Undergrad: 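Supplied in structure tokens, the structure appears directly below.
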2 protein chains.
Amino acid sequence: MNTPDDDWLRLDQQICFSLHAASRAFNGVYRGILKDLGLTYPQYLVMLVLWEHDELPVKKLGEHLRLDSGTLSPLLKRLEAAGLVRRERSARDERSVEVRLTEEGTALRGRALQVPRRIAASTGFGPDEVRALRARLDELTTALDAAALAEPTGGSPADGRS
Amino acid sequence: MNTPDDDWLRLDQQICFSLHAASRAFNGVYRGILKDLGLTYPQYLVMLVLWEHDELPVKKLGEHLRLDSGTLSPLLKRLEAAGLVRRERSARDERSVEVRLTEEGTALRGRALQVPRRIAASTGFGPDEVRALRARLDELTTALDAAALAEPTGGSPADGRS
DNA sequence: CGCCATTCAATTGCACACAACTTAATTGTG
DNA sequence: CACAATTAAGTTGTGTGCAATTGAATGGCG
């Protein structure tokens, strides 16, 4: 009666398409605006973290962004080639690589200050709406991450627990 | 005064990271569940459309999903290699390629019926919450798409015209 | 001290996304 | 009909994202 499988499949088409599309639309708007700075969207995310922390090992950077070295290593190489960051093996722990801003990378922050305003203008959302949506998305991410851990390959989650 | 540039940059870090992370978290949960069906997340989106329409030219498929042939061509080739769809040049218009489900592709829908329920379980969201979030995201996408068109390369649109 | 499990970064392989370009077919216009 | 403009797929090149593997370094333990 209430929401049979067919309807769920249709609804699923809508929600997962919506999130996918929203993510790519966002990406597209950032792409246009960030082109002026010579950054891609993920590169901008990395820079945002570095502007807050100035220097971080790759591991920490990955925790902030939920990205692993497979994604970060080539990305950081490009940022280094662009002269925005330096990477150097930590003296304390030779396994770790410290990422730090160059002067050029630090200076880029000044030009990036106008980005959020332009994005906000594109969305038409105000600060409160942005915050509300962010809270909703974080909720979702937390739930999804927990579920991904609980159900690695699709075992029936019947029991749950812990 | 209220919300200076620095705060906007910090807020931007949060919202764009949140959307990016939510999208990837969603992708990750789907990945786990879709592995049973041998589909990736974008392939699942294509199949959802085909299960509704049965046969479509690549162009229409792209409009439904906001994807271009650069993405769809190789993806459809993989679906064809997997035996789920056939692609054949339209007799009416030789430029166009019709994508249609094979019997195997049609049959896969039966196994896919359980996917949305498992996703819903992962999010902990009910149908109404899903619908609300979807509406919000669509709003965002519409605004972003409009903005992307209005501001292709970021130049001030003051003059316009040729 | 020697050895093994763990940790971190990098690399490899695969699959999107998307811009830019190519090729083939169709349409519009004179 | 001829020819330029348009349209549809496909191809190429770049940049993620992620699983799996590799290789170097560290830490724990007998």
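In what follows, every chain begins at residue 1, and chains take the letters A, B, ... in the order their sequences are listed. Since the model is a prediction, treat every value here as computed from it, not as a measurement.
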Undergrad: Rounded to the nearest Å, what distance is computed from the CG atom of residue A:Leu61 to the C1' atom of nucleotide C:dC8?
TA: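 Computing the A:Leu61:CG to C:dC8:C1' distance gives 14 Å.
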Undergrad: I need the CG-P distance between A:Leu75 and D:dT14, as an integer number of Å.
TA: 16 Å
Undergrad: Does B:Gly70 or B:Glu63 map to a spot on DNA chain D nearer the 5' end, using the closest nucleotide for each?
TA: B:Glu63
Undergrad: If I take atom NE2 in residue B:His20 and atom P in nucleotide C:dA17, what distance separates them, rounded to the nearest angstrom?
TA: 12 Å
Undergrad: Heavy-atom contacts under 4.0 Å between residues 85-96 of chain B and DNA chain D, which residues?
TA: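 Only B:Arg87, B:Arg89, B:Arg95, B:Ser96 qualify.
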Undergrad: Pick the nucleotide of DNA chain D nearest each of B:Lys59 and A:Tyr41; which residue has the one closer to the 5' end?
TA: B:Lys59
Undergrad: Whole angstroms only, please: what is the CG-C1' distance between A:Leu72 and D:dG17?
TA: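 Checked: the CG to C1' distance equals 10 Å.
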Undergrad: Mind checking B:Lys60 for me? I need base, sugar-phosphate or nothing, with any heavy atom below 4.0 Å counting as a touch.
TA: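 The residue B:Lys60 makes no contact with any strand.
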Undergrad: Taking the side chain of B:Arg31 as its heavy atoms from C-beta onward, which of C:dC18, D:dC18, C:dC16 lies nearest to it?
TA: D:dC18
Undergrad: Looking at the base of D:dG15, is there any donor atom on it, or on the side chain of A:Thr40, that sits under 3.5 Å from an acceptor on the other one?
TA: no
Undergrad: Quick one: A:Asn27 CG to C:dC16 P, roughly how many Å, whole number?
TA: 17 Å
Undergrad: Between A:Asp68 (side chain only) and A:Thr71 (backbone N and O only), is there a donor and an acceptor less than 3.5 Å apart?
TA: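 Flag set: sc A:Asp68 to bb A:Thr71 pair under 3.5 Å.
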